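Reminder, nothing fancy here: chain letters follow the sequence lines and each chain counts from 1. These values consider heavy atoms only, across backbone and side chains, with no hydrogens, waters or symmetry-generated copies. Everything numeric in this text was worked out from a predicted model, so none of it was measured.
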Protein chains: 2
Amino acid sequence: MAGDAEATRRRLLDAAAKEFAEYGIAGARVDRIAAAAQSNKAQIYHYFTNKDGLFDAVMRELAGHTVREAPIDAADLPEYAGRLYDRFAADPVMARLANWYRLEGSGYAAVDLVVASTRDKLAAVTKAQEEGLIPDRFTPVEVLALVVHLSSLWFAVTPEMGLLTEDIPHERRREVVVAAVRALLRD
Amino acid sequence: MAGDAEATRRRLLDAAAKEFAEYGIAGARVDRIAAAAQSNKAQIYHYFTNKDGLFDAVMRELAGHTVREAPIDAADLPEYAGRLYDRFAADPVMARLANWYRLEGSGYAAVDLVVASTRDKLAAVTKAQEEGLIPDRFTPVEVLALVVHLSSLWFAVTPEMGLLTEDIPHERRREVVVAAVRALLRD
DNA sequence: AGGAGCTAACCAACCAGTCAGTTAGAAGGT
DNA sequence: ACCTTCTAACTGACTGGTTGGTTAGCTCCT
């Protein structure tokens, strides 16, 4: 167990992702992360400088993962939304983290990888619209915002609404997201 | 200044709403709230028992406001989504608070007023669907979830996407929300 | 020997919550 | 009018526990 720096870093990152997902940045406890990773608090500061640095590392990795696993297909945005939904569903930690990032992360520099990827997506949507694959009721940015937002439908419900939706099975949830995007983009 | 209990309570609630909206529950500082309300920390504990009690009071009031100001009209859900959007847009504090509540509030008992209001909304949608005013592609819960979720479209964008959407004017944002809901509910 | 990886113990700052006491005004007696 | 009593509203100073961050030193491998 001792002596493997890379493995320790991994355990710390994983534990941090869970902790941040559960409690947010302000609510997360460095001691808990160290304990959950079966490591030590000082190691966190050695590898990640400070709490913010740790959060940053978690977000950066997560963004990379998502960008890689859910490539956009502007010709089939409903399916793209479905893939984003899959990604959220496969990793509930990630869905919450994204939300925390939105609320607490405004001070942080926007993750450059995400900025670049967003630019690419926008270009893809613009091109598809010019080719007539997407109706022009909405501008490209609007389309992108709608698609991304809809893909997080089931991960952004209030506790009260959650009581009513908890019985909806996986496949149906995905269907709803895909169908909703399809409906938006019909002529 | 001294001796007006009701006024003091108000100032504390208003200051708390702002503080919680900015920093969340874990990040909010009781001292800052007391100072901003030009009151005293002990008063907070006198009126609201503890930090959680204060957050609860803030949420309860907010929910009441929203339920009252944005009554559902199941026969015209696009316009209902528009009203919800208006409410968010008119009070940015409230938009953020709702988000914090989703993430941090799971431990809290669901606000009963909201539970009741959600039940009513669901009944209204169900009835409208039976009357053929709403297509049956989605179940009533799904429709409600979609409409509510779409109304928060512009208040749930990532910082990265925010850079691209910040120039979209108010009226257009509202239009997008309304048009999106309309598209969802077309036959 | 020496360095990379690791740990227990420690510290200063911070923060939710408490408490003993003060102020301001109302009520009531004379 | 004046004094006394009572009370709701308020306050500044304090506390006990927590938290992010540090440090001195240990272990193990080459």
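Remark on the helix from dA1(C)-dT30(D) to dT30(C)-dA1(D): inter-end axis angle 10°, axes from five-pair C1' superpositions, rounded to 10°.
Residue F48(B) is out of contact with every strand shown, counting any heavy-atom pair closer than 4.0 Å.
T66(A) and R87(A) share a side-chain donor-acceptor pair at under 3.5 Å. Judged purely by distance below 3.5 Å, without hydrogens or angles, the side chains of R96(B) and N99(B) never pair a donor atom with an acceptor atom. When only modelled atom types and interatomic distance are considered, E175(B) and Y85(B) share no side-chain donor-acceptor pair under 3.5 Å.
Checked for salt-bridge contact, E6(B) and R11(B) miss the test: no charged N lies under 4.0 Å from a carboxylate O. Ionic pairing of R182(B) and E79(B) is not present here: no N-O contact between side-chain nitrogen and carboxylate oxygen is shorter than 4.0 angstrom. A salt bridge does not link K18(B) to D14(B): none of the charged side-chain nitrogens sits closer than 4.0 Å to a carboxylate oxygen. Note on R172(B) versus E142(A): salt bridge recorded, some NZ/NE/NH1/NH2 to OD/OE distance being below 4.0 Å.
Regarding Y47(A), its OH atom lies at a distance of 6 Å from the C1' atom of dG5(C), rounded to whole Å. Rounded to whole Å, atom P of dG5(C) lies 13 Å from atom CG of L12(A). When the P atom of dC15(C) is taken as reference, atom CD1 of I33(B) falls 12 Å away, rounded to whole Å. A straight line from CD of Q43(B) to P of dT22(C) spans 17 Å, rounded to a whole angstrom. A straight line from NE2 of H46(B) to C1' of dA16(C) spans 18 Å, rounded to a whole angstrom. Rounded to an integer number of Å, the gap from CZ of R9(A) to P of dA4(C) is 16 Å.
Partner of L77(A) under the side chain to side chain contact (heavy atoms under 4.5 Å, CB included) criterion, out of V178(A), I72(A), L144(A): I72(A) alone.
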Pairs under 3.5 angstrom only: tabulate donor-acceptor contacts from the side chains of residues 116-127 of chain B to other protein residues two or more places apart or in another chain.
unit_1	atom_1	unit_2	atom_2	d
S117(B)	OG	K121(B)	NZ	3.2
T118(B)	OG1	V114(B)	O	2.6
K121(B)	NZ	Y80(B)	OH	3.3
T126(B)	OG1	L122(B)	O	2.7

Protein proximity profile, nucleotides 18-25 of chain D - base contact B, sugar-phosphate-only contact S, no contact -, cut-off 4.0 Å on heavy atoms: -SBBBB--
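For the OP1/OP2 pair of dC10(D) and a distance below 4.0 Å, the side-chain nitrogens and oxygens of T8(B) include at least one atom meeting the criterion.
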